[in-house]
Amino acid sequence: MVCLGNICRSPMAHGLLQHKVEKLGLDWEVDSAGTGNWHVGERPDKRAMATMKAKGIDISYQNARQITTADLDEYDVIYVMDLSNLANVQRLATKPEHLQKITLMMNELPNAELKEVPDPYFGTDNSGFEQVYTMLDKATDKVIAKYS
Ligand code: 4NP
């Protein structure tokens, strides 16, 4: 799960998918990273943690990190939140197989109104985080259904 800062959207996507994977007892490795390095080592944004906690999911254990080309070898599917993430991750690819693994998270919900998960970081309240949660809850259900 990849976004810009790895403190808002991708930690929420990571937490949601991890929660569902554990509930189903699936042997999947789930992780998240950012394309940028500004928040490396930090816990998720307080608003992201609070939104998730209200739904019963703890993401406070997560620490932000920056994606590298090694992740494109390590993981089978790389979900990005928006088109700028897509371009930035595609730039890290060194083989055709890498490019094939990278996809927009919202491609899992082809009928949704929004094609990108909007960045809630600069919003002044929690409403952006609620919207992100709702989108990612639906999208991660599709991921589970697709690969489990
Ligand atoms: P994220 O949100 O990409 O969903 O983690 C952001 C977090 C931090 C910044 C931008 C977006 N920032 O500019 O620091």
Take atom [atom1] of [X] as the centre, draw a 6.0 Å sphere, and report whether it contains more than 12 heavy atoms from other residues, nucleotides or ligands.
| X | atom1 | value |
| --- | --- | --- |
| K46 | NZ | no |
| K101 | NZ | yes |
| K138 | NZ | no |
| E97 | CD | yes |

Salt bridge [X]-[Y], side-chain N to carboxylate O under 4.0 Å:
| X | Y | result |
| --- | --- | --- |
| R47 | E130 | no |
| R9 | D45 | no |
| R65 | D71 | yes |

Is [Y] close to [X] at the side-chain level, that is, under 4.5 Å between some pair of heavy atoms?
| X | Y | value |
| --- | --- | --- |
| T35 | Q66 | no |
| D31 | M1 | no |
| W38 | L4 | yes |
| M105 | V80 | no |
| M81 | V2 | no |
| K142 | L109 | yes |
| Y79 | L17 | no |

>> Would T140 and H14 count as a side chain to side chain contact (heavy atoms under 4.5 Å, CB included) here? Give the steps.
In response: CA-CA 9 Å; T140 51; H14 173 180; over 6 Å; no
Hydrophobic clustering (ILVMFWY, side-chain heavy atoms < 4.5 Å, transitive) - are [Y] and [X] grouped together?
| X | Y | value |
| --- | --- | --- |
| L16 | I7 | no |
| V89 | V143 | no |
| M135 | F122 | no |
| V77 | V117 | yes |
| L114 | L104 | no |

>> Applying salt bridge (charged side-chain N to carboxylate O under 4.0 Å, His left out) to D58 and K53, what does each step give before you reach the verdict?
In response: CA-CA 5 Å; D58 177 22; K53 197 173 175 193; over 6 Å; no
Verify, without hydrogens or angle tests, whether [X] (side chain) and [Y] (backbone) share a donor-acceptor contact under 3.5 angstrom.
| X | Y | value |
| --- | --- | --- |
| E108 | A139 | no |
| Q62 | P11 | yes |
| K23 | Q18 | no |
| N88 | S84 | yes |

How far apart are the closest heavy atoms of [X] and [Y], and which atoms are they?
| X | Y | result |
| --- | --- | --- |
| M49 | P44 | CE-O, 3.4 Å |
| L83 | E116 | N-OE1, 2.8 Å |
| N6 | S10 | ND2-OG, 2.9 Å |
| M106 | A112 | CE-CB, 3.6 Å |
| C8 | Y121 | SG-CD1, 3.8 Å |
| T51 | M12 | CG2-CE, 4.0 Å |

>> Working to the nearest 0.5 angstrom, can you tell me the gap between E74 CD and T68 OG1?
In response: 9.5 Å
> CD1 of I67 to CD1 of I102: how many Å apart, nearest 0.5 Å?
Replying inline: 7.5 Å
> Between N85 and D82, do the side chains contain an N or O donor and an N or O acceptor separated by less than 3.5 Å?
Replying inline: yes
> Taking atom types as modelled and ignoring hydrogens, do the side chains of H98 and D73 form a donor-acceptor contact shorter than 3.5 angstrom?
Replying inline: yes
> In this structure, which one of I57, V30, I59 forms a side chain to side chain contact (heavy atoms under 4.5 Å, CB included) with H19?
Replying inline: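 By the side chain to side chain contact (heavy atoms under 4.5 Å, CB included) criterion, H19 pairs with just one of I57, V30, I59: I57.
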